[in-house]
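What follows is a short report on a single structure.
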Amino acid sequence: MEDSVEEKITEKWNESGIFEPALSKSSKKFLITVPYPYVNGSLHVGHGKTYTVADIIARSRRITGYNVLYPMAFHQSGTPLVAYSRRLKAGDKAIRKTYYEHISTYINDEKEIERLLKEFEDPENIADFFANRISKDFMRLGYSIDWTRSFASGNMVYQDFVEWQFNKLMEEGLIVQKDYPILYSQEDGNAVGEDDIKDGDTDKVAIDEYTGIIFKGQEFSLIAATLRPETIFGVTNLWISAEANYVIFRYNGKKYAVSSFGFNKLKFQLKEIEKLSETSAEEIIQYEYKSPITGNMLKVYKSDIVDPDIGTGVVFSVPGHAMWDYAASLRHKEIKPVKVIEMPAGSTASVEQLLSEFKIKSAGDRVAIEEATKVLYREEYYSGKMNALNGKFSGMSVRDAREGIISELEKEGDAIKVYETSRKAFTRSEAKVIVAIMSGQWFIDYSSRKWKELGHRAVDSIKFYPDTLKKNMHDTIDWLKERPCARRRGIGTKLPFDPEWTIESLSDSTIYPILYTVINELRAIREITGKVNQDILDFILLDKDLDLLRKYGKKVEDIAIKARANKSYWYPVDLRVTATPHFSNHLAFYIMHHCAIFPEKYWPKSLMILGLVVSSGAKIGKSKGNAVSLYNTAREYSADVYRLAIAAAADPSSELEWAEDELDSFNRKYQSFCALMDSSSAKPEKLKPEDRWITSSFKLRLARFIDLMEKYDIRNAVVSIFYDVLNDVKEAERTGVPQARAVGLIKKQWLIALSCIIPYASEHYWNLSSFKGFSSTAKLERPVISEEDTRVTSWKNEADKLIGDIRAIIAAAQVEPESIEVTVAGVEQAKIAELVIKRKMAEIEPKYRYLIPQIEKSRKFIDLENKDELVALESFKEYISSTIGKPVTINTGDVNPGAKNAWPGRPLINIKGEKKRGFKVQ
RNA sequence: GCGGAGGUUGCCGAGCUAGGUUAAAGGCGACAGACUCAAGAUCUGUUUCUGUAGGGAUCCGCCGGUUCAAAUCCGGCCCUCCGCACCA
């Protein structure tokens with residue numbers, strides 16, 4: 001179909017407002033939502049899947065009699081938009097290129113693109129531009145979205161609402177404040193996110209928690225940061241770097257020495273820490289240091305395995321269980337490795353074995369040592385056991401021992417936590433990324449017992465599609481713990497009780513679907529009051545007392561009452577559709593926040609989780625360079641074809657491989673559907689007997705479609721209503737009904753059903769057929785299936801089975817058929833067959849007993865219930881012979897002594913014709 | 001490691017929660033035929049092996065078990081994929 005036709009239809013939908021539902025007492029409501037898109041770029045075909053699936057469901061509910069609301073908004077909260085703007089401003093080439101591509105999806109004019117790029121230095125402009133474009137794209141994809149309720153998370157009214165949300169959480173005691181490690185850039189004086197770090201998106205930087213064990217010395221103590229404190233019983237000595245500078249500092253009234261790099265980090269992690277003086281490796285090695293727990297006195301050696309930049313520049317040495325330490329100890333004969341961990345029999349994970357396995361000769365084989373270290377750490381951690389040398393930790397698993405030793409060390413004041421980045425990282429402006437302790441970080445405390453119980457209750461009551469994910473959600477809720485919920489930068493709402501902080505982007509978008517139900521009223525109130533105050537929201541959303549509103553005057557009161565009615569009608573969300581990456585975060589928060597704030601009647605009803613769209617095996621992502629633009633795809637193939645591909649390609653919950661050539665085949669099917677519609681006739685005035693099969697079959701398909709859509713089994717529903725019906729129409733031709741007539745017979749209901757999937761074509765042919773209104777809002781009637789309908793369709797199945805048999809014989813026997821004679825079992829045969837099947841051999845007349853082996857052989861084909869076989873096949877005689885292409889005769893026969901016989905459900909086929917090799921057969 | 005999903009006929013992908021109706025849906029590809037001057041598209045059929053009458057044999061990661069009967073249930077093994085957080 002032409003672009004302009006689709007555009008015209010879109011316009012008509014918009015003008016008529018058919019997707020902007022009002023409250024209705026007569027029909028059941030259905031609120032369906034999808035997480036709003038983050039507006040930092042154009043969307044790809046993967047994004048479109050979620051919105052398309054939701055739209056198909058929305059439309060199917062609408063035509064089956066529900067009052068449907070499918071709203072949409074835009075997300076702008078968080079750091080990326082700000083980061084992109086900043087980088088554009090700084091002239092970052094990579095990001096410029098990305099945005100150049102994003103814009104050129106829509107705009108060709110070079111100058112205009114340049115102008116926009118300049119504008120994008122303000123993040124709000126990026127958000128506005130793409131929000132605008134995305135909503136246009138969505139309109140052109142035929143989504144039945146109510147755009148009058150649209151908003152963005154940066155809007156003031158949204159912020160009023162989020163403030164309210166956080167005040168509620170605070171009142172419930174679900175928000176706590178603590179110190180917390182974050183990635184930080186000293187030069188920028190700022191927290192850094194993934195977007196700020198060089199290669200941060202491809203090579204993630206995590207925060208590792210080291211245990212900084214304190215080794216007490218005479219003048220000062222050393223702090224050695226380690227990931228493996230459980231090996232403390234195997235410590236033989238300490239290492240420091242020969243080249244690095246060391247400093248002495250005071251912390252908690254005591255003196256310590258670490259590398260100056262290390263001190264630099266600790267400054268951001270420890271409170272009240274003060275540098276006292278410089279020192280040197282030489283000075284440090286003059287003393288011995290006492291190990292906690294074991295009390296051993298340890299010597300310090302210089303070694304080049306120490307990277308002064310990692311940890312504290314002081315390393316404790318466990319040559320029995322660490323590749324680096326072992327390699328370094330080779331130069332010091334007096335160091336004897338001590339084994340403190342034993343491995344299960346058969347394990348090859350030991351320092352010595354890995355040394356030979358990885359062919360490590362000296363401390364110079366850095367890469368091999370790194371690799372071997374990974375193996376050793378992993379194996380020992382998961383399968384190792386502490387041996388008898390470990391005091392009270394002997395016999396424990398390595399895991400338990402690590403925990404026990406850490407808590408013992410911390411209790412005695414013999415260790416501090418030291419945080420380190422998981423790899424060396426730099427910001428895009430080349431500043432070093434370190435870990436700093438953010439003091440007073442705000443958290444949402446998901447670990448609350450009571451809250452989790454509510455969460456579990458909600459999960460129990462929610463219907464999950466697919467069902468298997470329900471268990472996952474229970475697990476996810478158990479696993480949730482405290483989560484930082486505010487940051488120092490980014491777009492978003494200020495924390496109402498601490499405005500230095502901006503609410504983080506996943507925490508501000510949990511219960512927002514309720515806003516869709518009242519957004520316009522809230523805006524109207526805001527016009528009057530200047531802000532939507534907390535008590536107004538209490539009244540509207542939590543059904544609090546009307547007295548709260550007296551002070552705002554009658555007008556506000558009236559609007560609020562209306563808003564509350566809207567909310568009570570539409571909420572809760574009946575179905576939320578989202579992609580699987582949202583599962584353990586957004587969806588879990590969505591459930592939890594509803595539980596915390598709303599009474600049970602407003603908790604979510606059901607969730608649908610979709611698999612990602614992948615392209616050439618990889619997850620589609622802007623950074624991967626395999627993003628297929630949603631806009632371009634829809635323009636190139638038409639919105640309908642895109643929708644058809646999404647609906648029919650695979651089960652929504654599984655991953656969908658995006659293949660261009662398959663899109664072509666969807667397109668061809670779609671084209672042939674259009675051609676069929678173009679040539680179809682109007683509904684005939686009078687039915688003919690041969691019309692019965694196509695009309696009956698359609699009823700069955702339609703009923704199946706309705707049932708499947710009810711269960712959101714979109715794929716099979718599409719197969720039934722699109723592919724199967726299409727094939728039926730073609731077959732109808734052979735049953736004696738021309739295709740044009742066949743379509744005419746079923747057109748109206750077919751178009752209504754199809755409006756879920758290919759709304760443009762449906763609407764177009766709806767108009768051409770002069771039906772009234774829109775196919776999108778017409779009512780689909782559940783067909784009444786009569787006995788006649790099931791009978792005539794099962795007759796056709798019998799005919800098809802017969803055709804298959806005839807073909808098999810022709811192929812096996814290598815015959816060139818002239819005509820086919822089909823003989824259906826008569827009364828006599830039916831009686832004999834029944835006796836055999838029912839094991840009443842004695843009752844069979846002796847003269848027919850010779851038939852028993854013959855019947856036994858065809859036993860599995862015999863159908864005693866099949867009483868009207870002759871009528872069935874007779875009525876499809878034309879169909880059979882036109883399909884085979886040869887004349888077919890059908891009659892009933894008596895027992896044929898001494899030859900093969902027909903049995904009920906197993907007619908006898910006799911093919912007359914010539915052997916392909918020239919023999920004449922009878 | 002923890003938690004989850006899965007390994008099906010050339011490929012993709014149903015079926016496997018209720019075992020037989022499954023040589024195993026559907027799509028893609030391949031092959032043959034029809035149409036066409038021809039190609040493409042479309043339509044028809046075939047697509048594990050085998051058989052001169054609708055039949056037979058083998059088959060659903062590997063091994064074993066339950067059963068009259070298993071792709072489907074049970075046990076073990078091998079392999080693949082996803083999530084593990086502050087990132088929207």
Side-chain angles (χ1 to χ4, degrees), chain A residues 35-40 75-81 180 182-183 191 193-195 200-201 204 206-207 378-379 381-383 399 441 443-444 446 466-469 471-472 474-476 478-487 490 504-507 509 580-586 588-589 611-612 614 617 619 648-651 653-657 659 661-662 664-666 668-669 671-672 675 715-716 718-719 723-724 727 730 733-734 801-815 817 857-858 860-861 863 883-885 900 906-911 915-917 919 921:
Chain A
Y36 47 19
Y38 188 69
V39 283
N40 65 335
H75 198 202
Q76 332 172 305
S77 316
T79 48
L81 279 171
Y180 188 69
I182 53 160
L183 295 176
E194 189 181 292
D195 297 309
D201 47 348
K204 290 211 176 189
I207 295 174
R378 190 180 60 224
E379 289 296 313
Y381 181 65
Y382 291 117
S383 340
R399 258 175 137 129
Q441 168 72 49
F443 292 83
I444 296 178
Y446 290 106
D467 194 43
T468 48
L469 291 177
K471 191 185 164 306
N472 283 35
H474 278 301
D475 292 345
T476 302
D478 280 333
W479 159 85
L480 286 174
K481 52 187 194 207
E482 289 156 343
R483 180 182 210 279
C485 63
R487 314 166 115 221
E504 172 270 338
S505 57
L506 275 176
S507 303
S509 44
T580 179
H582 288 131
F583 188 82
S584 62
N585 41 59
H586 167 71
F589 304 153
L612 285 174
V614 297
K619 179 165 144 182
D651 175 54
S653 67
S654 59
E655 234 171 46
L656 167 63
E657 172 74 33
D661 30 332
E662 286 194 23
D664 278 325
S665 85
F666 282 116
R668 287 198 295 271
K669 265 280 182 303
Q671 295 306 332
S672 73
R715 184 160 97 110
N716 289 316
V718 171
V719 169
Y723 286 88
D724 289 347
N727 286 338
K730 278 174 199 154
E733 184 112 43
R734 278 186 267 137
K801 224 186 278 169
L802 183 68
I803 291 168
D805 281 347
I806 293 172
R807 280 192 172 131
I809 295 172
I810 292 172
Q814 300 280 306
V815 205
K857 212 177 150 201
S858 352
K860 63 174 175 179
F861 302 105
D863 174 14
T883 304
I884 298 286
K900 261 193 106 167
R906 188 69 168 165
L908 192 65
I909 300 162
N910 185 15
I911 295 170
K915 266 337 276 176
K916 287 224 172 109
R917 293 190 197 133
F919 302 103
V921 288

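Within every chain, numbering begins at 1; the chains are lettered A, B, ... in the order of the sequence lines, protein sequences first and strands thereafter.
Residue A:His75 is in sugar-phosphate contact alone, with no base atom involved, counting any heavy-atom pair closer than 4.0 Å across all strands shown. Counting any heavy atom pair closer than 4.0 Å across all strands shown, A:Ile803 reaches no nucleic acid atom. Across all strands shown, A:Pro907 has heavy atoms under 4.0 Å from base atoms, whether or not it also approaches the sugar-phosphate. Residue A:Phe589 is classed as having no contact, given no heavy-atom separation below 4.0 Å to the nucleic acid. Within 4.0 Å (heavy atoms only), A:Asp475 reaches sugar-phosphate atoms of the nucleic acid but no base atom.
If you find the closest nucleotide of RNA chain B to A:Gly804 and to A:Leu469, the one lying nearer the 5' end belongs to A:Leu469. Map A:Ile909 and A:Thr580 each onto its nearest nucleotide of RNA chain B; the residue landing nearer the 5' end is A:Ile909.
Here B:C73 sits opposite B:G65 as a Watson-Crick or G-U wobble pair (both hydrogen-bonding atom distances under 3.5 Å). Pair assignment for B:U22: none, as no Watson-Crick or G-U wobble contacts are both less than 3.5 Å. Base pairing annotation: B:U42 forms a Watson-Crick or G-U wobble pair with B:A34, both donor-acceptor distances under 3.5 Å. Both distances falling under 3.5 Å, in either a Watson-Crick or a G-U wobble arrangement, place B:C28 opposite B:G10.
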Pairs under 3.5 Å (N/O, protein and nucleotides 42-48 of chain B):
residue : atom : partner  : partner atom : Å
B:U42   : OP1  : A:Arg668 : NE           : 2.5
B:C43   : OP1  : A:Lys730 : NZ           : 3.2

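Rounding to whole angstrom units, CG of residue A:Leu480 and P of B:C86 are separated by 14 Å. Between the CD atom of A:Glu504 and the P atom of B:C87 there is a distance of 9 Å, given to the nearest Å. Rounded to an integer number of Å, the gap from A:Gln441 CD to B:C86 C1' is 9 Å. Rounded to an integer number of Å, the gap from A:Lys481 NZ to B:C86 P is 10 Å. Distance A:Asn716 CG to B:G27 C1': 13 Å, rounded to the nearest Å. Look at CG on A:Asn585: it is 11 Å from P on B:C86, rounded to the nearest Å.
Separation of atoms CG (A:Asp475) and CG (A:Leu480) is listed at 11.0 Å; rounding is to 0.5 Å.
Distances from the side chain of A:Leu506 to the nucleotides B:A88, B:G4, B:A14 place B:A88 closest.
A:Ser509 is linked by a side-chain hydrogen bond (donor to acceptor under 3.5 Å, both in side chains) to nothing, counting only residues two or more places apart in sequence or in another chain. Every side chain to side chain contact (heavy atoms under 4.5 Å, CB included) that A:Ser77 has, sequence neighbours left out, goes to A:His75, A:Ser153, A:Ser505, A:Asp508.
Residues A:Glu482 and A:Tyr180 form no side-chain contact, since every pair of their non-hydrogen atoms from C-beta on lies 4.5 Å or further apart.
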